[in-house]
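So that the names make sense, note that chain A is the first sequence line, chain B the second, and so on, each numbered from 1. Worth knowing before you read on, the calculation uses all heavy atoms, side chains too, and leaves out hydrogens, waters and symmetry mates.
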Amino acid sequence: VLLHRMKAHKVDYWSRLGRLRRSQWVLAWEKVDRAVMSGRIVCDTYLAAKARADLVKSKSYSLTQLARSQLETPREDISFESIPGYFKSASSLAYLTEHCCFDTFLVIKLMSKLQVLPLTKQLTALAGNLWGRTMTGARAERNEYLLLHEFHKAKFIVPDKAIYTSQRGAGATQQDGDEDGGRKTEGRRKPAYAGGLVLEPKKGFYDKFVLMLDFNSLYPSIIQEYNICFTTVNRPVRSDDNPDDEPDVPDSALETGTLPKLLARLVDRRRQVKQLMKDPKATPTELAQYNIRQTALKLTANSMYGCLGFTNSRFYAKPLAMLITSKGREILQNTVGLAESKGLDVIYGDTDSIMIYTNTDSIDEVKTMGLDLKREVNKRYRLLEIEMDAFYQRMLLLKKKKYAAIVVTEVNGQLKTKMETKGLDLVRRDWCELSHSVSEFALNQILSGDGREEVLDRIHEYLAKVGRETRGGLVPIEKFIINKGMTKNAHEYADVKSQPHVQVAKRMIAKGISVRAGDTVPYVICTDHTAQGPSKTMAECAYHPDELRQPGSGLKIDFEWYLAQQVHPPVARLCAPIEGTDAGRLASCLGLDASRYHVASAVADMQQHTMLDAQISDEERFRNVDRLFVRCLRCNRSNPLIGVALSKVGYRGLRCPEENCGAVLPAPSIGFQLTAAIQQHIRRYQEGWLLCDDPACQTRTRMLSVRREKCMNAECLGGKSLAFSDKMLYNQLLYFDRVFNYDRALKHTTDESLRGMLSWATRCRSAAPCD
DNA sequence: CTGGTAGGGGAAGAGT
DNA sequence: ACTCTTCCCCTAC
């Protein structure tokens with residue numbers, strides 16, 4: 001942009017943007033970086049923020065978003081289309097100018113906040129590459145230089161650098177030679193080898209301590225532990241032999257290879273820097289510098305493995321990468337085996353970590369347990385180390401890579417708690433804020449440690465409120481925005497029809513707004529009442545928030561879609577392990593058609609009940625129900641009401657079965673007592689006592705649930721279930737219905753006088769349903 | 001052109 | 001109407 005404006009205004013010395021004097025204009029986008037800016041280090045805070053995505057958790061990397069999330073500074077978003085309008089008056093133009101100046105200030109602040117210069121300088125100093133290239137984020141190149149220096153020092157001849165050819169595709173893939181590395185699409189490659197091991201989680205809610213342990217930088221440690229290097233591992237000749245078998249671990253007698261030596265040095269230097277940081281005399285400035293240095297050392301050590309598996313790397317070495325991950329899987333598996341052999345309950349683990357359910361509320365007990373295991377694991381390895389990483393006071397484990405927990409940390413002898421959320425929809429930017437806030441509420445409730453009943457009540461109530469407020473239009477538009485990144489340029493997508501962000505991006509581009517691969521596109525889903533004809537796909541209902549805000553657009557946010565597709569599924573997933581609610585119940589709270597969600601279970605229930613109907617007598621089915629006791633108003637004695645067909649019955653209604661009473665039981669009195677009985681049973685269900693199904697154990701608890709299926713008593717192998725389950729409640733209510741079922745009684749009795757009264761009562765009932 | 005693999009989950013089309 | 005497959009995105013490690 002600057003160059004083009006400079007050219008238009010015939011600005012002299014334009015080439016001073018760089019340090020080389022030039023007379024020929026360079027305007028081609030691709031050349032600007034290297035030719036015009038030669039001798040300068042260009043820091044693009046957009047790229048820098050994305051490169052530090054581990055620190056910067058932002059929905060998008062727009063300046064507005066970053067200013068808000070990183071600098072806590074509000075920035076007005078001026079839409080592309082509105083800019084010409086600012087040229088209409090001097091004051092508005094001055095305003096726009098000021099806005100632009102402020103933007104440059106924000107960019108500088110951002111660079112400073114992200115510590116881009118100090119960090120890239122350290123990384124560059126370590127690797128010995130060009131600083132400017134570190135800025136563009138070429139991790140593989142940094143690694144390449146590091147290894148080049150290292151191997152040169154050791155007097156090795158290094159592999160040739162593959163020449164990059166602009167015509168990618170067929171030729172390059174062929175040359176690759178790896179028949180297994182075939183491309184699925186242009187965008188993403190099929191994995192070329194196996195990676196980390198992820199254990200099948202024992203899903204559920206845990207309300208006692210979960211201990212989390214993990215290996216310190218697993219892959220760099222493996223390289224050192226097993227002396228894995230280009231110089232030590234016997235690699236099969238490429239393309240021949242069986243390239244899919246990982247090579248053997250080198251002989252332990254072999255001299256330490258270059259790669260392990262390098263990593264050992266990095267680790268050692270980091271240890272030294274960390275030691276310096278403990279010096280009480282260190283100034284804040286020094287501390288900041290030390291911290292940057294140790295970060296750079298860690299990043300460099302950790303990026304080594306990834307570059308071994310990178311096909312375009314000069315030091316590409318699939319066998320080494322395979323060997324490393326294979327050892328990683330083996331180590332995790334062995335650790336699990338060791339923990340289980342000690343009687344510990346391993347509930348989950350991912351690549352370099354294991355989680356253990358301790359079944360205790362005492363953090364000291366957990367620590368002892370952890371130290372014990374840690375000692376035994378570390379005994380097995382030379383320098384590989386496992387450490388206690390965290391104590392989870394409560395934990396909700398939903399799926400692989402998806403969980404949330406209350407982390408307890410000790411700060412100056414005081415216990416502090418904090419929630420940690422991994423992988424859930426809640427932490428993904430492709431769910432709208434409304435979805436996030438509802439999920440967050442539910443999660444906070446579930447992890448609050450309060451009783452199951454209160455928790456579910458609050459969630460149900462909150463969902464009802466969300467449903468009302470959403471439909472009432474009380475929720476601001478911002479909360480409906482979904483962000484999705486473009487991995488390709490808009491025109492490169494094969495299937496545009498099903499992708500909302502591509503649809504929106506294409507319209508943005510048509511308007512002249514730049515959207516390129518890597519950018520984030522915001523959109524909202526709208527209803528389109530003007531559309532007749534064939535129903536639109538969801539992607540075709542996606543609009544940019546600016547399109548929605550445009551006066552006269554006629555667009556309206558599709559509240560029902562949001563409640564059904566953005567709010568309900570994530571919350572239902574969170575509540576799935578919690579007894580006492582289900583997708584249908586949650587849906588009906590939101591005001592959605594619950595029947596859709598009942599389908600699966602309702603069908604199963606139906607089958608179960610029709611089966612019972614056919615095979616099981618009423619006596620059998622109602623064996624465990626509570627009978628309905630009705631107190632007579634005259635004699636004040638309670639008797640069970642066995643049913644209209646068997647009770648004392650007359651034309652004026654049911655009578656007290658007491659020998660010397662026989663008073664009519666007034667319908668309103670029966671009704672009142674029936675209602676009370678029903679309410680009592682529903683309460684009993686809601687109290688949610690859980691009972692171990694092993695008769696020898698009989699552990700009874702009302703806790704939110706320890707593990708969904710397993711008895712909380714560690715020594716007991718039994719499962720646990722609701723003492724009064726939903727099926728029992730159903731049977732109880734069915735029994736009450738049966739007691740007053742005239743039609744059924746009529747069918748089953750042969751007593752003529754009773755039949756007469758019953759059919760009379762049936763006729764009365766249809767005339768006056770209340771009685 | 002610009003480390004890796006594992007995995008969940010949405011949307012839509014193909015197949016049954 | 002249902003499942004299976006493919007594509008896509010984002011996340012965990």
What nucleic acid atoms does A:Gly306 come within less than 4.0 Å of, heavy atoms only: base, sugar-phosphate, or nothing? base

Counting distance only, does the side-chain N/O of A:Gln503 pair as donor-acceptor with the main-chain N or O of A:Val496 below 3.5 Å? yes

Using a 4.0 Å heavy-atom cut-off across all strands, classify A:Glu141 as base, sugar-phosphate, or nothing. nothing

Name the nucleic acid region contacted by A:Thr325, choosing base, sugar-phosphate or nothing; use a 4.0 angstrom heavy-atom cut-off, strictly under. nothing

Per A:Gln565 side chain, nearest of listed nucleotides C:dC9, B:dA11, B:dT5: B:dA11

Selection from B:dG8, C:dC8, B:dA6 that lies nearest to any side-chain heavy atom of A:Lys488: C:dC8

Check the distance between B:dG8's P and A:Leu574's CG and give it to me in whole angstrom. 16 Å

Please pick, from C:dC13, B:dG7, B:dG9, the nucleotide with the shortest atom-to-atom distance to any side-chain atom of A:Lys400. B:dG7

If each of A:Ala194 and A:Phe310 is mapped to the nucleotide of DNA chain B with the nearest heavy atom, which maps nearer the 5' terminus, i.e. the 5' end? A:Phe310

Expressed in angstrom and rounded to an integer, what is the separation of A:Leu332 atom CG from C:dC13 atom C1'? 11 Å

Does the side-chain contact (heavy atoms from CB on, under 4.5 Å) test come out yes or no for A:Tyr381 and A:Leu383, once each step is laid out? CA-CA 6 Å; A:Tyr381 306 100; A:Leu383 46 79; over 6 Å; no

Nearest-Å distance once atom C1' is located in both B:dC1 and C:dC10: 23 Å

By nearest atom, which of the nucleotides B:dA11, C:dA12, C:dC8 is closest to the A:Met538 side chain? B:dA11

For the side chain of A:Ser498, starting at C-beta, report the closest nucleotide among B:dA12, B:dG7, B:dT2. B:dA12

From CG of A:Asn483 over to P of C:dT11, roughly how many Å is that when rounded to an integer? 10 Å

Which is true for A:Tyr348 with a 4.0 Å heavy-atom rule: it touches a base, it touches only sugar-phosphate, or it touches nothing? nothing

For A:Arg429 and B:dG9, what is the distance between atoms CZ and P respectively, to the nearest whole Å? 19 Å

What is the distance, to the nearest angstrom, from the CZ atom on A:Arg428 to the C1' atom on B:dG9? 7 Å

Please determine whether the number of non-hydrogen atoms from other residues, nucleotides or ligands lying under 6.0 Å from atom NZ of A:Lys418 exceeds 12. no

The nucleotide from B:dT5, C:dC8, C:dC10 with an atom nearest the side chain of A:Tyr193 is B:dT5

Which nucleotide in the set C:dC13, B:dG4, B:dA11 lies at the smallest distance from any side-chain heavy atom of A:Asp352? C:dC13

Among C:dC9, B:dG13, B:dA11, find the nucleotide with the atom closest to the side chain of A:Lys484. C:dC9

Is it true that, when you exclude A:Lys50 itself, more than 12 heavy atoms of the residues, nucleotides or ligands shown sit nearer than 6.0 Å to its NZ? yes

Counting any heavy atom closer than 4.0 Å, what does A:Tyr493 reach on the DNA or RNA strands: base, sugar-phosphate only, or nothing? sugar-phosphate

Whole-Å distance between C:dA12 P and A:Asp389 CG? 14 Å

Among C:dC10, B:dG4, B:dA12, the one nearest A:Tyr305 by side-chain distance: B:dG4

Could you tell me whether A:Lys488 sits above the aromatic face of A:Tyr493, with NZ or CZ closer than 6.0 angstrom to the six-membered ring centre and within 45 degrees of the axis? yes

More than 12 heavy atoms of other residues, nucleotides or ligands under 6.0 Å from CZ of A:Arg516: is that the case? no

For A:Arg133, answer base if it contacts any base atom (sugar-phosphate contacts may also be present), sugar-phosphate if it contacts only those atoms, and nothing otherwise; contact means non-hydrogen atoms under 4.0 Å. base

Would you indicate what A:Ser353 reaches in the nucleic acid, counting non-hydrogen atoms under 4.0 angstrom: base, sugar-phosphate, or nothing? nothing

A:Val198 side-chain proximity, nearest of B:dT2, B:dA6, B:dA12: B:dA6

Please classify the nucleic acid contact of A:Ala321 as base, sugar-phosphate, or nothing, using heavy-atom distances under 4.0 Å. nothing

